[in-house]
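Take a look at the following structure, please.
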Amino acid sequence: SDLAGAAIKAIDFAGGTVVHMSSGWSALILCLLVGKRLGFGKTPMPPHSLVLCMIGTGMLWVGWYGFNAGSAAAADGVAANAFTTTTLATGVAASVWALLEYITRKKASVLGLCSGAVAGLVAITPAAGNVGIGGGLIIGFIAGFACLWGVNGLKKMLGADDSLDVFGVHGIGGILGALLTGVFNSPSLGGPGFVADWVTATGITAADYSIAGQVLVQAKAVLITVVWSGVVSFIAYKIVDLTIGLRVSEEDEREGLDISSHGETAYNR
C-alpha cells in the first residue's frame, strides 16, 4: 500500500493544530519560567468578568466557522461537513464539561461551559472536514473529559499557574484532535480519507487506510511540533528574561499591573 510510503501525510496539520499546540506548550513553559502569582492557591482569583467571558466565547464560536468551514475556500460538501462537525463537537464538549462539573461539584458553571466550548473548538479544528458526523461527536465528547482534566488534575501535577488554562485547553485539545483525526478520517468510520495521488485526484480506499499507520504519522507531527515550539519558546523567553525581564517586582504585582504598568484602572471605585 502507498499509505506506508510517500502518500502518508499528517492530515490538516499545517493549519489549526500547530497553532493550538504551539500556544499551549509555549504557555506552559512561560508559566514555569515566570512562576506563580502572589497568593496563588491561597487567595481566590476569579475571572475578571463572566459576562465578557461568555460574550467572547460566543464570538469565538461564530468566528471559528470562518477558520474551519472557510478553509474549504468553497461553498461545497467539505465546507458543510466542517461546519457541522465544528458545531457538534463544540456543543458536546461544552455539555460534557458542564455535566462533569455538576457531577463532581454539584454545580455547573458558566466558566466551565465556556471552557468546554473552546476545548471542543480546538479539538475539532484539525478534524473539521476530515471526519464524519460520528467522528465529530466522539472527538467533542473526549475533548470535554481530557481538557477538564488538563486544567485541573494535570495543571496541579505540573505545578503551573496557567491563569488562562492555555495548556490544558489548547495544548491538550490540540494533541487530542490531531491524533483522533488519524482515527476518524478512516473511510470505514465515516471519514472521507484523503487524496493519495494529487495528479489523478484519486482517493485512498477503506481497504488501504490504516488507522494505526495514520495515527503514527499524526503522532510524529505532534512530537515535532511540541519539541520545536518548546525549544524555540524557551530560547525566546530566556532572551527576554536577560534583557527586560519576564516578571514585574513584587510591589508592582501587589499594586496591580493596570496601575503600575499602565496608570489606569478598568473601573472607577
Side-chain angles (χ1 to χ4, degrees), residues 10 12-43 45-49 52-53 56-57 59-60 63-64 67 71 114-115 118-119 121-123 125-126 146-147 149-179 217-266:
D12 195 26
F13 220 87
T17 310
V18 172
V19 174
H20 297 293
M21 284 196 298
S22 297
S23 64
W25 286 90
S26 297
L28 176 62
I29 291 173
L30 182 59
C31 289
L32 296 176
L33 289 177
V34 172
K36 301 176 182 178
R37 290 167 290 176
L38 296 175
F40 178 74
K42 301 177 181 179
T43 304
M45 297 180 179
H48 170 69
S49 170
L52 292 179
C53 178
T57 302
M59 294 173 66
L60 272 176
W64 220 283
F67 187 42
S71 294
C114 293
S115 299
V118 176
L121 289 169
V122 169
T125 293
C147 293
W149 170 74
V151 304
N152 289 320
L154 181 58
K155 184 165 72 172
K156 292 180 180 179
M157 290 169 57
L158 296 174
D161 179 10
D162 186 356
S163 61
L164 299 179
D165 291 321
V166 180
F167 178 70
V169 174
H170 295 266
I172 299 300
I175 293 174
L176 179 72
L179 296 177
V217 174
Q218 301 293 107
K220 290 178 180 178
V222 167
L223 181 61
I224 292 172
T225 303
V226 169
V227 172
W228 175 262
S229 60
V231 171
V232 172
S233 296
F234 180 81
I235 294 173
Y237 294 146
K238 276 300 181 182
I239 293 175
V240 173
D241 192 26
L242 293 173
T243 52
I244 63 176
L246 286 175
R247 185 162 185 159
V248 299
S249 66
E250 181 176 333
E251 180 181 354
D252 286 346
E253 185 175 348
R254 291 189 182 281
E255 185 178 14
L257 300 189
D258 284 352
I259 296 295
S260 62
S261 297
H262 305 289
E264 59 186 2
T265 60

Applying salt bridge (charged side-chain N to carboxylate O under 4.0 Å, His left out), which residue pairs with at least one partner in residues 226-248 are found, sequence neighbours left out?
-> Arg247-Glu253
Correct closest heavy-atom pair for Ala146 and Leu176 would be CB-CD2, 4.1 Å
Go through the structure and list residues passing side-chain hydrogen bond (donor to acceptor under 3.5 Å, both in side chains) with Trp64, not counting sequence neighbours.
-> Thr125
Cys53 versus Pro47: any side-chain heavy-atom pair under 4.5 Å?
-> no
Distance (rounded to the nearest 0.5 Å) between Leu28 CG and Leu33 CG | 9.5 Å
Mind checking side-chain contact (heavy atoms from CB on, under 4.5 Å) for Trp228 and listing every partner two or more places apart, or none if nothing turns up?
-> Val232
Quick one: list whatever passes ring pair (Phe, Tyr, Trp, His ring centres under 6.0 Å) with His48, sequence neighbours left out.
-> Tyr267
Can any side-chain N or O of Asp162 pair as donor or acceptor with the backbone N or O of Phe167 at less than 3.5 Å?
->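 Side chain of Asp162 to backbone of Phe167: a pair is present.
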Taking all non-hydrogen atoms of both residues, which atom of Thr265 and which atom of Asp258 are closest, and how far apart?
-> CA-CB, 4.4 Å
Residues which pass side-chain contact (heavy atoms from CB on, under 4.5 Å) with Ser261, listed by chain and number, not counting sequence neighbours | Leu257
Looking at residues at least two apart in the chain, or sitting in another chain, which of them share a side-chain hydrogen bond (donor to acceptor under 3.5 Å, both in side chains) with Ser229?
->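 Once residues adjacent in sequence are excluded, Ser229 has no partner under the side-chain hydrogen bond (donor to acceptor under 3.5 Å, both in side chains) criterion.
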Grab the two heavy atoms, one from Asp252 and one from Ser260, that are nearest each other, plus how far apart they are.
-> O-OG, 3.5 Å
List for me each residue that meets side-chain hydrogen bond (donor to acceptor under 3.5 Å, both in side chains) alongside Thr243, sequence neighbours excluded, and say none if there are none.
->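 In terms of side-chain hydrogen bond (donor to acceptor under 3.5 Å, both in side chains), with neighbours along the sequence ignored, Thr243 is linked to no residue.
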Looking at side-chain heavy atoms only, is the closest gap between Leu32 and Phe234 below 4.5 Å?
->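 Leu32 does not reach Phe234 side chain to side chain.
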Kindly write out the residues that satisfy salt bridge (charged side-chain N to carboxylate O under 4.0 Å, His left out) with Glu250, not counting sequence neighbours, or none if the list is empty.
->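 With neighbours one apart ignored, the set is Arg254.
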Verdict with reasoning, Val118 to His170, per side-chain contact (heavy atoms from CB on, under 4.5 Å) | CA-CA 8 Å; Val118 176; His170 295 266; 4.0 Å; yes
Kindly give the heavy-atom pair with the smallest separation between Gly173 and Val122, and that separation in Å.
->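 Scanning both residues, the minimum pair turns out to be C-CG1, 3.6 Å.
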Under the side-chain contact (heavy atoms from CB on, under 4.5 Å) test, residues paired with Leu242 that sit two or more places apart =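 Residues passing side-chain contact (heavy atoms from CB on, under 4.5 Å) with Leu242: none at all.
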Roughly how far, to the nearest 0.5 Å, is the CH2 atom of Trp149 from the CD1 atom of Ile172?
-> 6.0 Å
How would you list, by chain and number, every residue that makes a side-chain hydrogen bond (donor to acceptor under 3.5 Å, both in side chains) with Ser23, sequence neighbours excluded?
-> none
What pairs of residues pass the salt bridge (charged side-chain N to carboxylate O under 4.0 Å, His left out) test when at least one of them lies in residues 218-232, not counting sequence neighbours?
->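 Output for this query is empty, none listed.
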How long is the gap from OG1 on Thr57 to CG on Leu52, to the nearest 0.5 Å?
-> 10.5 Å
Asp161: salt bridge (charged side-chain N to carboxylate O under 4.0 Å, His left out) partners, not counting sequence neighbours | Arg37
